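Here's the structure, in structure tokens; my notes come after.
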Amino acid sequence: MQPQPPSRISREAHWQERWRSAKLGEARRVPGRRKFFLIFAYPGTSGFMHIGHMRGYSLADALVRYHRMRGEVVFFPGGAHASGLPAVTFAARVARRDPDTMESLRSMHLDDTAIRDLEVPENAARFLGEAYWVTWERFGMVMDRTAYVTTIDPDYQQFIRWQFARLSRLGYLKQKSYFAPYCPRSGPVSVDPSETDISQGGSAEVVTYTLVPFTLPDGRRLLAATLRPETVFGATNLWVAPGETLVEWKHHGHVDLLSPPALAKALDQWGGTAGEEIPASAFLADQVTIPWVPHPLPILESRLVNPDRGTGIVMSVPAHAPVDWVALEGLSPTSRGTIEPLVRAVLEVEGIPQGSSEQELLKGSGWPAQRAARNLGITTLEQSSQLAEATERLYRAELARGRMTVGPFVGRPVGEARELVREILRQADEAAEIREFSEPVICRCGERVVIRRIPDQWFLAYGDPQWKSRVREHARTMQFLPPEYREELETILDWFEDRPAVRQGRWLGTPFPLDPRWIIEPIADSTLYPAYYVVRRFVAQGRLKPEQLTPSFFDHVFLGEGPGEPTVPPELQSEVRQEFLYWYPLDVNLGGKEHKRVHFPPFLYNHAALLPPDLNPRCIVINWWTTSYTGEKISKKDVKGGAVPPVDDALARWGADGIRLYHAIAGSLFQDVEWDPSTCSSASERVDEVARILRGLWGRGGDAVAGMAPGERHVDRWFSTRISEVIERATSHLESADFRSAAQAIYVDLVAILRRYEARGGAHAALLGRLAHAWTRMLVPFTPHVAEELGEGHFPSLVSSESWPQPGEFLRDPGALREEETLIALEEDIAALLRTWKSPPAEARLFVASPWKRWVEEIRSRAPEGDRRRGDIGGFMREARQDPRLTPYLDRVARYLSQVPAPTSPSRAGPQDPDTETALLHDALPYFVHRFGIPRWTVLREEDGGPYDPLGRRTRAAPGRPAIYLVPGEDPASPEAGGSSRPRARSSP
RNA sequence: GCAGGGGUAGCCUAGCUUGGUCAAAGGCGCCAGAUUCAGGGUCUGGUCUCGUAGGAGUUCGUGGGUUCAAAUCCCUCCCCCUGCACCA
């Protein structure tokens with residue numbers, strides 16, 4: 001095999017260049033024409049792309065290409081989301097010459113100076129954005145380069161300033177306190193798995209403890225920290241660590257006691273001052289009280305208490321906390337004797353399913369915690385992992401199925417009671433909670449990161465009921481793919497709350513217009529941006545300067561408010577306005593499933609808040625991921641580890657077309673697909689195969705455009721009908737973003753149909769030519785390069801700008817379809833028979849059913865579906881007796897009805913009369929000879945075939961389903977001629 | 001826990017909204033045949049079990065139910081994946 005002279009990559013690059021020079025991607029407003037405006041959620045600038053990313057992108061391109069061919073005017077812009085930490089992280093990797101990053105950069109032929117540039121986050125972001133664009137183009141995407149923007153471009157930031165000023169004016173920004181990670185030395189930090197700011201603890205979570213105050217006789221309070229404040233009603237005592245020191249925390253008019261590490265947290269989060277340090281043992285003789293518990297509580301020591309966790313003071317609820325129960329059992333008999341009578345359960349769990357793990361956990365008698373500990377075999381505090389498990393499982397069961405049995409919230413579910421208790425505590429004292437990390441978090445500078453309260457944090461008021469209901473109202477008018485997202489969005493909105501809009505620290509983004517010390521948070525600056533793509537084109541053309549994009553400019557352009565910006569010529573300003581009104585509303589926003597909760601809701605909120613309802617988006621399409629075999633989203637690791645090839649290798653091996661088709665065909669868009677190189681290979685081969693077939697079709701005088709003349713063979717009419725159906729199906733699947741089915745129709749079904757047509761001896765040149773013409777065009781959405789290659793010379797210009805085929809371009813004949821179906825069914829029957837034959841038969845005889853059987857089927861087809869299938873023989877016989885035509889056959893009718901089931905649907909009934917059926921079979925005989933290797937075929941009428949049918953098979957004949965008699969090879973027992981009636985039969989050659 | 005999705009033949013995946021044409025599409029793998037010196041590629045057929053007559057039996061996570069009829073509708077349980085927030 002010689003390598004193809006120009007490589008796949010260079011052939012594809014050729015067409016990419018042609019599309020560029022033809023400005024195919026450039027949005028051009030055509031008043032009066034329908035438009036299609038699609039964006040995908042632009043990627044964050046975190047690193048290089050791999051083929052997994054291309055799934056959503058290339059399918060977006062397929063959708064856009066389809067709409068372009070439908071004659072719609074298309075706007076398909078793209079950009080890069082440079083805000084936030086990713087570019088900072090990338091730049092940091094460059095700065096420390098991270099080997100993987102360096103390898104990628106070197107493979108792009110960057111010299112040292114260029115690499116040094118990338119140590120600046122802004123440069124890194126722009127560089128990566130450009131790299132994304134190049135990748136998109138290499139995958140055959142045709143987008144509007146003149147609208148390309150990154151979120152750190154000055155003009156984009158002008159737009160964001162306007163957006164936030166406007167939100168503020170509308171009252172959708174508000175200030176309240178917020179708890180954020182903070183390094184005492186370096187300032188605000190971000191705790192996330194990429195560990196950009198921190199050196200340890202990226203996966204730490206924030207744990208919120210409720211502080212339950214227990215009052216000492218002198219009025220000071222011991223603050224117990226708990227995750228389950230609703231169990232306070234069952235508290236029996238407090239625990240402190242042996243030898244622990246407590247320290248006074250003076251705040252809000254209280255003097256409270258907690259451990260020194262807890263004091264630090266308390267001061268960070270709530271302020272106040274530190275007081276005296278006192279050994280915890282000093283309180284062991286005291287008792288504390290709390291209104292919710294009807295008796296005073298003693299203070300005891302236990303090793304279970306860790307002074308670093310919570311407040312270093314624990315409220316003991318032996319009935320519901322396995323740890324407390326075990327600690328109680330380990331007490332001295334005296335202490336135990338005072339505590340045990342105080343133990344009580346405060347909730348009960350109901351409706352435990354049979355055989356569940358909950359039932360297993362709680363079987364037996366005693367307090368719930370006692371049972372959990374016993375069932376897991378726990379006797380001492382040393383069994384810490386079992387204790388943790390018991391605790392987790394019990395807590396989960398009680399939260400899920402528990403109801404309060406004690407206290408003011410009797411009958412309430414545990415979760416509700418918990419919130420109510422918290423709320424009461426908050427009412428009494430603002431500082432009713434304390435937050436800490438689930439594991440230590442260490443800043444890059446080495447300092448331990450704490451949680452600090454920011455009293456004046458700006459929020460986007462997504463919890464605002466009116467705003468939320470506007471979003472809901474609009475969402476009802478939208479289309480969602482998959483449709484389930486509509487319902488999911490409802491529940492997401494239920495808990496969607498105010499969200500921090502800005503933050504401080506070293507990240508990229510737009511300074512907050514109301515207070516430039518803050519930077520707008522990355523999710524917040526990427527919500528209304530499709531609107532900005534429209535304006536960006538004017539900036540890119542040099543017709544608008546960033547500094548002209550003032551709030552009054554945007555007020556005018558987006559909202560038609562006010563005279564606009566004085567430094568912009570009024571004609572230009574109104575042109576921008578018209579352009580905006582032409583493209584808006586957005587038709588499709590396509591994004592990965594990770595955006596369901598993060599991007600799409602704010603996207604809808606901001607549109608709802610800032611634009612009139614008729615300019616709100618119309619459709620959201622969500623694509624799932626390509627995962628690696630581990631089930632994870634493909635990551636750099638997979639590329640590095642060889643599980644997924646780098647983009648260059650992939651393009652060389654499979655071609656952009658092959659990979660695009662793979663993405664379409666490997667699985668539904670709405671499901672994760674495991675990356676599988678062999679499936680990708682087969683997709684790529686499928687592209688080659690279709691190309692080979694189409695070259696052949698074009699070569700056979702494919703440009704002939706003659707219509708179908710009447711009187712063609714029925715296979716021709718069948719073929720034409722099937723092509724028409726494929727076009728129809730592909731079209732409707734593309735409309736509903738069912739790319740898999742569309743691709744299957746175009747690349748699989750059509751091939752199979754053509755194969756059958758050719759096997760059946762079909763060779764209608766004009767029809768094949770028209771197929772070539774239509775099929776080539778249908779290749780554009782998924783495999784645009786090969787479409788162009790095949791269409792070159794056959795279309796006036798680019799195939800990409802041709803129109804999408806119409807089903808009406810191909811004559812349809814349902815009768816021909818039905819007839820061919822009967823042949824296919826017959827083939828299946830014969831194949832089933834042959835499976836049991838050891839040596840091939842010498843001859844096959846086919847018996848076409850007698851006319852009266854067609855009349856019987858008429859009766860059956862009138863019956864309701866259920867009766868027809870079940871075979872209401874008595875009823876059918878009654879009707880048959882009414883039909884004079886059937887009178888001579890009544891005895892055989894009964895046998896037929898019981899022996900031969902009705903066709904499963906009327907459309908399967910086959911040709912309407914025996915002559916047509918006979919002709920049909922004759923037409924297929926050459927094909928059958930070839931297909932089955934049986935040399936001799938005979939078609940007979942049921943009523944004529946007696947002597948030819950020693951086994952009496954012919955009574956099984958039904959309309960559209962000839963009876964079959966196979967003549968054994970060795971024994972030519974067939975009576976050659978000589979029957980009483982001369983059969984109207986003919987042998988095949 | 002809450003929310004969403006899912007469990008289909010050796011594997012990956014369609015079908016499930018609108019029950020019957022479903023022993024269940026397509027792909028991969030495997031088997032046989034054709035082409036070929038051979039391999040690869042391509043093409044054809046096969047690939048749950050039994051069966052020399054188009055048939056029968058048993059299948060679509062588990063167990064029930066509805067129905068003349070269930071992969072498809074209802075209920076139960078088991079298991080898996082994802083998200084739960086400032087992280088793009």
Side-chain angles (χ1 to χ4, degrees), chain A residues 1 41 43-46 81 83-86 178 180 190-194 202 353-357 395-401 414-415 459 482-485 487-492 494-497 499-501 503 521-524 526 592-599 624-625 627 631 633 665-668 670-674 676 678-679 681-683 685-686 688-689 692 740-741 743-744 747-749 752 755 759 821 825-826 828-839 841 865-872 903-905 907-908 930-931 951 953 956 961 963-966 968:
Chain A
M1 199 96 231
T45 50
S46 56
H81 191 204
S83 317
L85 276 177
Y178 178 66
S190 169
V191 174
D192 73 324
S194 77
Q354 287 296 313
S356 65
S357 65
Y395 281 19
R396 181 171 296 181
E398 291 187 334
L399 175 62
R401 300 178 195 276
V414 166
F459 282 78
E484 296 81 48
Y485 183 61
E487 195 191 328
E488 195 180 350
L489 181 64
E490 283 290 329
T491 64
I492 292 167
D494 285 342
W495 53 255
F496 220 72
E497 286 168 19
R499 195 180 175 108
R503 38 191 220 185
E521 192 271 329
I523 294 178
S526 55
K593 67 174 182 179
E594 70 277 20
H595 294 302
K596 286 200 280 190
R597 285 157 181 78
V598 178
H599 165 64
W624 266 239
W625 295 339
T627 60
K633 193 175 179 178
I665 224 161
S668 148
F670 312 132
Q671 179 165 10
D672 287 342
V673 164
E674 199 176 305
D676 177 4
S678 70
T679 306
S681 294
S682 96
E685 284 159 15
R686 176 67 63 166
D688 294 342
E689 184 184 359
R692 199 169 43 243
R740 186 179 213 269
S741 304
Q744 180 149 329
Y747 296 86
V748 180
D749 297 350
R755 289 230 174 95
E821 284 299 317
L826 176 61
E828 280 165 13
D829 282 346
I830 296 171
L833 293 180
L834 288 179
R835 264 197 289 280
T836 60
W837 280 62
K838 293 191 178 83
S839 59
E865 195 180 298
D867 289 343
R868 173 153 38 94
R869 295 285 297 159
R870 194 154 22 120
D872 175 13
T904 43
S905 80
S907 69
R908 288 229 157 177
H930 176 82
R931 163 99 156 79
L951 294 183
R953 307 299 315 163
R956 297 183 65 104
R961 198 183 186 210
I964 304 158
Y965 171 59
L966 298 177

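Everything numeric in this text was worked out from a predicted model, so none of it was measured. Residue numbers start from 1 in every chain, and the chains themselves are labelled A, B, ... in the order their sequence lines are given, proteins ahead of strands.
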Notebook entry, point to check: For the residue pair Phe459(A) and Pro500(A), what are the closest heavy atoms and their distance?
Noted result: CD2-N, 3.5 Å

Next item on the list: Side-chain contact test, heavy atoms from C-beta onward, threshold under 4.5 Å: evaluate it for Ser682(A) versus Glu689(A) and give yes or no.
Entry: no

Notebook entry, point to check: For the side chain of Arg740(A), counting heavy atoms from C-beta on, which of C86(B), A53(B), G26(B) is nearest?
Noted result: G26(B)

Checklist line | Spacing of Asp494(A) atom CG relative to C84(B) atom P, expressed in whole Å | finding: 18 Å

Notebook entry, point to check: Between Ile830(A) and Gln744(A), which has a closest nucleotide on RNA chain B that is more 5'?
Noted result: Gln744(A)

Checklist line | Closest listed nucleotide, where the reference is the side chain of Tyr965(A) and the choices are U44(B), C87(B), A53(B) | finding: A53(B)

Next item on the list: Select base, sugar-phosphate, or nothing to describe what Ala683(A) touches, counting heavy atoms under 4.0 Å on all strands.
Entry: nothing

Next item on the list: Figure out the CD/C1' separation between Glu594(A) and U82(B), and round it to whole Å.
Entry: 11 Å

Notebook entry, point to check: Considering only the P atoms, how many Å lie between C28(B) and A85(B), rounded to the nearest integer?
Noted result: 43 Å

Notebook entry, point to check: Arg597(A) and Trp495(A): side chain to side chain contact (heavy atoms under 4.5 Å, CB included), yes or no, with the steps?
Noted result: CA-CA 11 Å; Arg597(A) 285 157 181 78; Trp495(A) 53 255; 4.1 Å; yes

Notebook entry, point to check: Considering only C86(B), A88(B), G4(B), which nucleotide approaches the side chain of Pro500(A) most closely?
Noted result: C86(B)

Item checked: Of the listed nucleotides C87(B), U44(B), U82(B), the one nearest the side chain of Arg755(A) -> U44(B)

Notebook entry, point to check: Can you name the nearest heavy-atom pair linking Arg499(A) to Val598(A), along with the distance?
Noted result: NH2-CG1, 4.3 Å

Next item on the list: Find the distance Tyr485(A):OH to G83(B):P and express it as a whole number of Å.
Entry: 15 Å

Item checked: Span that lies between the C1' atom of U44(B) and that of U76(B), in whole angstrom -> 48 Å

Check: Where do Val414(A) and Tyr395(A) land on the side chain to side chain contact (heavy atoms under 4.5 Å, CB included) test, with the steps shown first?
Finding: CA-CA 10 Å; Val414(A) 166; Tyr395(A) 281 19; over 6 Å; no

Checklist line | OP1 or OP2 of G54(B) under 4.0 Å from side-chain N/O of Arg961(A) | finding: no

Margin query: Taking the P atom in each of G61(B) and G10(B), what is the distance between them to the nearest angstrom?
Written below: 13 Å

Item checked: G27(B) and C68(B), which share atom name C1', separated by this distance in whole Å -> 37 Å

Margin query: Does His81(A) reach a base, just sugar-phosphate, or nothing at all? Heavy atoms under 4.0 Å.
Written below: sugar-phosphate

Next item on the list: Could you work out which one of C86(B), U44(B), A88(B) sits closest to the side chain of Pro86(A)?
Entry: A88(B)

Next item on the list: Would you mind telling me which residue lines up with the more 5' stretch of RNA chain B, Thr45(A) or Leu826(A), judged by nearest nucleotide?
Entry: Leu826(A)

Checklist line | Taking every non-hydrogen atom, the tightest pair across His595(A) and Ala41(A) | finding: NE2-CB, 3.6 Å

Margin query: What's the separation between atom CD in Gln744(A) and atom CD1 in Ile665(A), rounded to the nearest 0.5 Å?
Written below: 6.0 Å

Next item on the list: Check whether any side-chain nitrogen or oxygen of Arg692(A) sits under 4.0 Å from OP1 or OP2 of C43(B), and answer yes or no.
Entry: no

Notebook entry, point to check: Atom NE2 of His81(A) and atom OG of Ser46(A): how far apart are they, to the nearest 0.5 Å?
Noted result: 11.5 Å

Margin query: Using a 4.0 Å heavy-atom cut-off, does Trp624(A) contact any base of the nucleic acid, only the sugar-phosphate backbone, or nothing at all?
Written below: nothing

Checklist line | Atom-pair distance (CD on Glu685(A); P on G27(B)), nearest Å | finding: 12 Å

Note to self: I'd like the C1' distance from G55(B) over to C73(B), given in whole Å.
What the structure shows: 31 Å

Check: Over how many whole Å does the gap from Ile492(A) atom CD1 to G83(B) atom P extend?
Finding: 13 Å

Check: With rounding to whole Å, what would you report as the distance between C60(B) and G6(B) at their C1' atoms?
Finding: 14 Å

Margin query: As a test of reading the structure: which of A85(B), G4(B), C43(B) is closest to the side chain of Glu488(A), going by heavy atoms?
Written below: G4(B)

Next item on the list: May I ask you to evaluate whether Arg597(A) reaches the phosphate of G4(B), defined as a side-chain N or O under 4.0 Å from OP1 or OP2?
Entry: no

Notebook entry, point to check: Given atom CD1 of Ile964(A) and atom P of U52(B), what is their separation to the nearest angstrom?
Noted result: 18 Å

Item checked: Integer-rounded Å distance: C2(B) C1' and Glu497(A) CD -> 14 Å

Next item on the list: Considering non-hydrogen atoms only, spot the tightest contact between Lys596(A) and Trp624(A) and give its length.
Entry: NZ-CZ2, 3.7 Å

Next item on the list: Between G5(B) and C75(B), how far apart are the P atoms? Round to whole Å, please.
Entry: 14 Å

Item checked: Rounded distance in Å - NZ (Lys596(A)) to P (A88(B)) -> 20 Å

Notebook entry, point to check: Should stems be defined as at least three consecutive Watson-Crick or G-U pairs with both distances under 3.5 angstrom, which of them involve RNA chain B?
Noted result: B:1-7 with B:78-84, B:10-12 with B:26-28, B:29-35 with B:41-47, B:48-50 with B:55-57, B:63-65 with B:73-75

Notebook entry, point to check: Between G27(B) and Arg686(A), is there an OP1 or OP2 to side-chain N/O distance shorter than 4.0 Å?
Noted result: yes

Note to self: With hydrogens left out and only the distance checked, is there a donor-acceptor pair under 3.5 Å joining Arg499(A)'s side chain and the base of C86(B)?
What the structure shows: yes

Next item on the list: Using the P atom as the reference point in each nucleotide, state the distance between G46(B) and G57(B) in Å, no decimals.
Entry: 23 Å

Item checked: Shortest side-chain distance from Leu966(A), nucleotide among A88(B), G26(B), A53(B) -> A53(B)

Notebook entry, point to check: Counting any heavy atom closer than 4.0 Å, what does Tyr395(A) reach on the DNA or RNA strands: base, sugar-phosphate only, or nothing?
Noted result: nothing

